[in-house]
Amino acid sequence: MTTLTPHDLTQFCDEFLSASAFNDYCPNGLQVDADTPITKIITGVTACQALIDEAVRQNAQAIMVHHGYFWKGEPAPLTHMKGKRIRTLFQNNISLIAYHLPLDAHADIGNNAVLARELGLDIVGALYPYEKYPVGNIATTTPIRAKDFALKIATTLGREPLHISTNPERLLTKIGICTGGAQDMIEQAYHMGCQAFISGEASERTTHMARELGVDYFGAGHHATEKGGIRALGEIVAKRFGVDVVFVDIDNPV
Ligand SMILES: [Zn+2]
């Protein structure tokens with residue numbers, strides 16, 4: 001096996017996900033470079049301390065996540081919580097690689113694509129079709145009652161969704177989908193003729209938007225809807241480079 005460096009791994013993922021094409025809220029790719037050859041990778045949704053501690057325990061040299069660090073507007077100093085996370089990474093020679101929007105949007109292994117497949121939905125287009133690399137999709141399904149679709153989400157994700165409905169008996173055939181904190185895209189889903197919209201988490205205003213737009217809203221969990229993409233990327237990396245990749249699910253009810 002040839003040596004896999006953090007840069008080689010990142011270069012492969014950057015190209016696979018067309019990462020440079022996205023205008024994102026955080027840097028995509030290599031965020032913390034420990035400059036150590038990689039034989040074991042931990043994947044997870046968020047680079048929280050618990051995930052890092054598990055990577056240390058499992059002697060991994062890299063962590064790959066959907067939610068990394070250095071978000072627009074976040075305080076820059078590496079102190080307190082943020083300082084401890086990054087200190088733990090460097091002290092244990094662990095690199096951090098993160099992909100945000102490129103991992104939501106990928107047509108095959110993106111969070112939206114994976115969630116749609118899991119829920120038996122067929123993606124037929126983009127929520128914002130005029131953008132070059134749009135995030136968020138429109139999907140169709142064989143007619144299903146809104147309350148039955150809520151049950152399907154619960155059994156598929158192992159978590160009961162928040163369902164805001166004006167008529168739980170209505171038949172859904174066209175559903176907007178965007179994982180994570182995409183609740184405000186419910187308005188675009190309405191403009192695109194969807195009867196329902198699924199995202200991760202909701203805001204207080206989401207209730208009123210759903211009722212007034214007449215679009216059923218399903219809040220299926222930010223964490224729960226964003227496990228699929230990073231897990232699938234890990235599987236591709238494992239196959240491509242012959243390294244050991246382990247997905248670690250740090251429980252998060254939100
Ligand atoms: Zn997210």
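Both ligands and their constituent atoms are indexed starting at 1 by order of listing. For the single chain, residues carry numbers from 1 onward in sequence order. Below, all heavy atoms of this structure are taken into account, side chains as well, without hydrogens, waters or symmetry copies.
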Electrostatic pair D108:R117 at N-O distance under 4.0 angstrom: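 Salt bridge present between D108 and R117.
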For residues Y99 and H66, report the shortest heavy-atom separation together with the two atoms involved.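 Smallest heavy-atom distance, with atoms named: O-ND1, 2.9 Å.
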Where is the tightest heavy-atom contact between M64 and L9, given as atom of each residue plus distance?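 Nearest heavy atoms, M64 then L9: SD-CD2, 4.1 Å.
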Give a yes or no answer on whether the side chain of E54 reaches the backbone of A50 with a donor-acceptor pair at less than 3.5 Å.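 Checked: no pair found.
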Candidates T141, I138, V124 - the one meeting side-chain contact (heavy atoms from CB on, under 4.5 Å) with K174: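 It is I138; the other options fail the test.
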Under 3.5 Å, is there a donor-acceptor pair linking the side chains of H223 and D249?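 A donor-acceptor contact under 3.5 Å links the two side chains.
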Listed protein N/O/S atoms, distance to the Zn ion (ligand 1) under 2.8 Å: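 You should have found H67 NE2, H222 NE2, E226 OE1.
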